[in-house]
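Remarks on the structure that follows.
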Amino acid sequence: MSNNINRRDLFKFTSGAAVGLALAGARVNSGWAAEPDERPTGPISLSGNENSYGPSPAAREAINEAQGKANRYGYAQQLEFVKKIAEKEGVTPEHIVLGSGSSEVLCATGLAYCRNGSDTVAADLGFGLVPGYTSAVGGDINWVPLDDEMRHDLNAMDQRITQGTGIVYICNPNNPTGTLVGSAELRDFCASVSRRVVVLVDEAYLEYSDDFNGLTMLDMVKQGHNVVVTRTFSKIHGLAGLRMGYAIARPDIAERIARYKMCKFQGPLGVAAAAASLEDTEFQDFCRARVKEGRELVHELCNTLGIAYTQAEGNFAFIDPKMTNQAFQQRMRSHGLRAARPFPPKPDWARVTIGTTEEMQVFAEALPKILSA
Ligand code: PLP
């Protein structure tokens, strides 16, 4: 099956009934005229939280058009792109820091606020990039266990802040558990905690949520709080390989973060693709809907098979297959599926990235066999 989709193919999908059909073992058509020999072949990656549908048709066209500009730094295009992001977010260009993926702006924020040994308050279990980086530049990490539902425990995190804290890192939805903290709760936390330290809110997966506008902490930035929000083009936009992301923060904070970036320019291909992708809201809607179906499929399977899972949002599920991660990986591989690495302190829970509808059908057929093998 080809990933070189065009717009006509993309929107020729059937929606809704995917969960029931897959559970019943029937074929599911996600938009392709799927014939039996069009099933995915080779290892299907359900491990990297990438977008199996992306890049969008508009981004592909933009990449083709921009390829002749790869000899240039493309500074002017980058400035235009920053203006475009600012307009979309309803802030000024001075609020935006572009990065090589959101990784760069997350790390630059860590460097800006923790390089002098200030510590980071972070959830355990959570996305390890920021704590890993701030500890590499000399800060301690105050790990705070998740609550019983594997969500950030904001009260406990608040209590772990000390005079020596530089950053509180919140990943919403959290990776790898997929859990969200509610918007009112997080808003109160940001308003109060950001009087003492920077609250870094990583929204890499928030665009998969139906309530993006209600859940984003962007309004806290707009109100002038000490809050940094990061976004990426690697997830719903399907551009992980082009390394594009950005931070949104009060201009004085943005300026401080920008000073610690390693790369001052993003490449013209990435800028062109991301700019086109921003406008391709049909593609984003398509991915959000397909991913939601895929997540629900996994959760329904877990219900049927009697295994635990978290209330995950984002393009992945977090499930307890009741075996070691090594055994799960091996059994997944024998069905042509690649699973994610262990995530201590829950090393035997498995993070399953939501792939295309066809890929998820392969998973749906394999999971009962994997569990009973
Ligand atoms: N934040 C979270 C929660 C992630 O899971 C990832 C990557 O998987 C990133 C940030 C970094 O992504 P990127 O650098 O591709 O924007």
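Remember, it's 1-based here, ligands and their atoms both numbered in the order they're listed. Side chains are part of it too, since the values below use all heavy atoms of this structure and drop only hydrogens, waters and symmetry mates.
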Residue part near ligand 1, for Arg243, under 4.0 Å between non-hydrogen atoms: side chain

State whether the side chain of Arg290 and the backbone N or O of Thr356 hold a donor-acceptor pair below 3.5 Å, judged by distance alone. no

In this structure, atom 8 (O) of ligand 1 is nearest to the protein heavy atom Lys235 NZ, 2.8 Å

Donor-acceptor pair, side chain of Thr230 and main chain of Leu106, under 3.5 angstrom: no

If the contact criterion is a heavy-atom separation under 4.0 Å, does Ala240 count as touching ligand 1? no

Within-shell test, Tyr205 vs ligand 1, heavy atom, strictly < 4.0 Å: yes

Contact check, Asp202 vs ligand 1, heavy-atom distance below 4.0 Å: yes

Only heavy atoms of Cys171, strictly under 4.0 Å: list the atoms of ligand 1 that pass. 3 (C)

Strictly distance-based, threshold 3.5 Å: is any side-chain N or O of Ser194 a donor or acceptor partner for the main-chain N or O of His225? no

Has ligand 1 got any nitrogen or oxygen that is less than 3.5 angstrom from a nitrogen or oxygen of Ser100? no

Please identify which atoms of ligand 1 are closer than 4.0 Å to at least one heavy atom of Thr232. 13 (P), 15 (O), 16 (O)

If you have a sec, work out which protein heavy atom is nearest atom 14 (O) of ligand 1 and how many Å separate them, to one decimal? Ser103 OG, 2.5 Å

Looking at atom 15 (O) of ligand 1, what's its closest protein heavy atom, distance included? Ser234 OG, 2.5 Å

Relative to ligand 1, is Leu106 under 4.0 angstrom through side chain, backbone, both or neither, heavy atoms considered? side chain

Using modelled atom types and a 3.5 Å cut-off, is there a donor and acceptor pairing between side-chain atoms of Gln329 and backbone atoms of Gln326? no

Between Tyr169 and ligand 1, does any nitrogen or oxygen pair lie at a separation below 3.5 Å? no

I need the nearest protein heavy-atom contact for atom 12 (O) of ligand 1: residue, atom name and distance, please. Ser102 OG, 3.6 Å

Minimum-distance protein heavy atom relative to atom 6 (C) of ligand 1: Phe127 CZ, 3.3 Å

Identify the residue among His95, Glu89, Gln266 that makes a side chain to side chain contact (heavy atoms under 4.5 Å, CB included) with Tyr246. Glu89

So, does Lys84 use its side chain to make a donor-acceptor pair with the main chain of Glu279 at under 3.5 Å? no

Close side-chain approach of Arg243 to Ser103, heavy-atom, < 4.5 Å: yes

Give a yes/no verdict on a cation-pi contact between Arg256 and Tyr113, requiring under 6.0 Å between NZ or CZ and the six-membered ring centre and an angle within 45° of the axis. yes

Give a yes or no on whether the backbone of Gly139 and the side-chain of Asp119 come within a donor-acceptor separation of less than 3.5 Å. no

